[in-house]
Student: 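Just dropping this structure here.
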Number of protein chains: 2
Amino acid sequence: MPLLPYTCPTNAGRAERFQHRTDMNSAPKLSDQLCFAAYSFAHALNRAYRPLLEPLGLTYPQYLVMLVLWEADGQTVKEIGSRLRLDSGTLTPLLKRLEATGYVSRQRGSRDERQVIVALTDAGRALSEKATRVPLDLGCAMGAGREEIADLRDRLVALRDRLADAGCSVGEPET
Amino acid sequence: MPLLPYTCPTNAGRAERFQHRTDMNSAPKLSDQLCFAAYSFAHALNRAYRPLLEPLGLTYPQYLVMLVLWEADGQTVKEIGSRLRLDSGTLTPLLKRLEATGYVSRQRGSRDERQVIVALTDAGRALSEKATRVPLDLGCAMGAGREEIADLRDRLVALRDRLADAGCSVGEPET
DNA sequence: CCCATATTGATTGCGCGCAATTGAATTTCG
DNA sequence: CGAAATTCAATTGCGCGCAATCAATATGGG
């Protein structure tokens, strides 16, 4: 039994439903692909954020970590990673850079010596004020209404979660 | 005069339209942000593509380059970059890896010695067959209908292009 | 209590992405 | 024609992302 209702046991047979090009016999076209749209949109966002975050001394991923900590101070690397869907291989050096900049502190937990508690410094807390303006400027730049943005966000999150759940079964032979 | 109708000369005054959180005085929330949704969706796509492309010996950005070449063989680095919105700093090493794998050839143009023509090898052309299946499997994994995917794609592309156009003016002082 | 197992974060290696610079070839214009 | 400006690809440096591996700590069963 498939893990998902969306899994296609007979890919060849039902492929037409997901065919986004006119010529069935040629390679898929770049412009037709949702994947490339998402890929290039994400990079465009990163480029748009860069000049806004640079005065704050943050990169975009660092800004995401700060968002997480502004919501709840004093989280473990694991907790931050599960919120952002990043692992320690990405977070450890990133957090060290945030520590070097002076926005967070890192110390081993006393109850469990395996985990590292990441906490905001005064400078890190204070940064929250300046950062408030950032997403507003971006909203302006995109020129999309509040409800359109919310709708798009919800669709993306839904697809992301379905992809993540399906991830382990996609491409595997259907036993 | 602003370059765009979407530029906000008085950010503070019109900010409410782009406020996606209930508490106006606290930092923006991660879960409210379209930006994080796009960011995490793009990474989820990359993770989903990886096991499908690995048997073909491609990474996702390399797959995008192959898509471009399958559409039109024999393009310059500049042309490929403008389609994918990548620069030579990213493409040059990537193309060298594709050349090492044996999917493309790179040679200086005879008419203009500055440019490098990237062409498919026989192996690169042949790969198109196997790659046809990849986006179909992904469509299955996402479990979204043809029209929903097309709609989402168009919205993302529209926002991306608006962001790219606005990029140069966002965050600048309004003289 | 002791050992097998699991969890947590750090480390290494590789491939992007992008800013900034360089060098060579070409175009523009005086 | 020839100098200056422009274009194109390559290079360098840095910061992610992620797979794979490792060491230290915690936990549960015998």
Side-chain angles (χ1 to χ4, degrees), chain A residues 36 39-51 53-54 57-66 75-82 84-101 104 106-118 160 164 167-168, chain B residues 36 39-51 53-54 57-66 75-82 84-101 104 106-118 160 164 167-168:
Chain A
F36 176 63
Y39 166 89
S40 55
F41 178 58
H43 286 313
L45 273 174
N46 200 333
R47 280 191 286 269
Y49 262 108
R50 190 182 304 273
L53 292 177
E54 199 227 279
L58 292 176
T59 65
Y60 182 63
Q62 289 169 7
Y63 168 71
L64 291 179
V65 169
M66 296 302 287
Q75 300 188 56
T76 67
V77 174
K78 186 77 173 180
E79 286 166 341
I80 297 172
S82 75
L84 297 180
R85 285 158 180 83
L86 296 173
D87 67 358
S88 72
T90 300
L91 284 175
T92 296
L94 188 154
L95 290 169
K96 284 182 178 176
R97 280 185 284 268
L98 275 182
E99 187 180 36
T101 311
V104 306
R106 299 159 61 242
Q107 53 180 2
R108 289 277 163 187
S110 53
R111 203 191 73 247
D112 187 336
E113 288 281 340
R114 286 173 306 182
Q115 41 196 20
V116 167
I117 310 294
V118 182
R160 179 197 66 191
C168 46
Chain B
F36 176 63
Y39 167 89
S40 56
F41 177 58
H43 286 312
L45 272 174
N46 201 332
R47 281 190 287 270
Y49 263 107
R50 191 181 305 272
L53 292 177
E54 199 227 279
L58 293 176
T59 65
Y60 181 63
Q62 288 169 7
Y63 167 71
L64 291 179
V65 169
M66 295 303 286
Q75 299 188 57
T76 67
V77 173
K78 185 78 172 181
E79 287 165 342
I80 297 173
S82 75
L84 298 180
R85 285 158 181 83
L86 296 173
D87 66 0
S88 72
T90 300
L91 285 176
T92 296
L94 188 155
L95 290 169
K96 284 184 179 175
R97 281 184 284 269
L98 275 182
E99 186 181 37
T101 311
V104 306
R106 298 160 62 241
Q107 55 180 358
R108 290 277 163 186
S110 52
R111 202 192 72 244
D112 188 335
E113 287 280 340
R114 286 172 306 181
Q115 41 195 21
V116 167
I117 311 292
V118 182
R160 179 198 68 192
C168 47

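Values reported hereafter were calculated over all heavy atoms of this structure, with side chains retained and with hydrogens, waters and symmetry mates removed. Chain identifiers are assigned alphabetically (A, B, ...) following the order of the sequence lines, protein sequences preceding nucleic acid strands; residue numbering begins at 1 within each chain. What you see is a predicted model; the values in this text were computed from it and never measured.
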Student: Quick one: which protein N/O atoms are closer than 3.5 Å to N/O atoms of nucleotides 19-22 of chain C? Pair and distance per line, please.
Tutor:
none

Student: To check you understand the geometry: which heavy-atom pair defines the closest contact between B:Phe36 and A:Arg160, and what is its length?
Tutor: CE2-NH1, 3.9 Å

Student: Which heavy atom in B:Thr101 sits nearest to a heavy atom in B:Gly57, and how many Å separate them?
Tutor: CG2-O, 4.3 Å

Student: Treating primed atoms plus P, OP1 and OP2 as sugar-phosphate and everything else as base, which nucleotides of nucleotides 23-29 of chain C get B, S or - for protein heavy atoms under 4.0 Å?
Tutor: --BS---

Student: What integer distance in Å separates A:Gln75:CD from C:dT8:P?
Tutor: 14 Å

Student: Remember a base hit wins even if backbone is also touched, and classify B:Leu91 as base, sugar-phosphate or nothing at under 4.0 Å, heavy atoms.
Tutor: nothing

Student: Provide, to the nearest angstrom, the distance between the CG atom belonging to A:Leu45 and the P atom belonging to C:dC18.
Tutor: 12 Å

Student: Can you check the A:Glu99 CD to D:dG15 P distance for me, whole Å?
Tutor: 15 Å

Student: Using whole Å, report how far CG of A:Asn46 lies from C1' of D:dC14.
Tutor: 14 Å

Student: Counting side-chain heavy atoms from CB outward, which of D:dA10, C:dG9, D:dC8 is closest to B:Arg108?
Tutor: D:dA10

Student: When you measure from the side chain of A:Asn46 to the backbone N and O of A:Tyr49, does any donor-acceptor pair fall under 3.5 Å?
Tutor: no

Student: To check you understand the geometry: which heavy-atom pair defines the closest contact between A:Arg106 and A:Leu95, and what is its length?
Tutor: CD-O, 3.8 Å

Student: Please confirm whether the shortest side-chain N or O distance from A:Gln115 to OP1 or OP2 of D:dA26 is below 4.0 Å.
Tutor: no

Student: From the options B:Phe41, B:Tyr63, B:Tyr60, select the one residue that forms a ring pair (Phe, Tyr, Trp, His ring centres under 6.0 Å) with A:Tyr39.
Tutor: B:Tyr60

Student: OP1 or OP2 of C:dC16 less than 4.0 angstrom from a side-chain nitrogen or oxygen of B:Thr59, does that happen here?
Tutor: yes

Student: Counting only side-chain heavy atoms from C-beta out, which of D:dG15, C:dC16, D:dT11 sits nearest to B:Lys96?
Tutor: D:dT11

Student: Can you find a side chain N or O atom of B:Tyr60 that sits less than 4.0 Å from OP1 or OP2 on C:dG15?
Tutor: no

Student: Out of curiosity, B:Ile117 CD1 to B:Ile80 CD1, how far, rounded to the nearest 0.5 Å?
Tutor: 9.5 Å

Student: Pick one: which of B:Val77, B:Val116, B:Leu98 meets side-chain contact (heavy atoms from CB on, under 4.5 Å) with B:Leu91?
Tutor: B:Val77

Student: What's the CD1-C1' distance between A:Ile80 and C:dA10, to the nearest Å?
Tutor: 15 Å

Student: Does atom CD of B:Glu54 have more than 12 heavy-atom neighbours from other groups under 6.0 Å away?
Tutor: no

Student: Of all the choices, D:dA9, C:dC16, C:dC18, which nucleotide is nearest to the side chain of B:Thr92 once you look at every atom?
Tutor: D:dA9

Student: Compare side-chain N and O positions of A:Arg97 against OP1 and OP2 of D:dC16 and report whether any pair is under 4.0 Å apart.
Tutor: yes

Student: Can you tell me how far P of C:dT7 sits from CD of A:Glu79, to the nearest Å?
Tutor: 16 Å

Student: Minimum heavy-atom separation for B:Val65 and B:Leu84, please, with both atom names.
Tutor: CG2-CD1, 3.7 Å

Student: Could you tell me the separation between the OH atom of B:Tyr49 and the C1' atom of C:dG15, rounded to a whole number of Å?
Tutor: 18 Å

Student: Which whole-number value in Å describes the distance from A:His43 NE2 to D:dC16 P?
Tutor: 15 Å

Student: Between the side chains of B:Arg85 and A:Ser40, is a donor N or O closer than 3.5 angstrom to an acceptor N or O?
Tutor: no

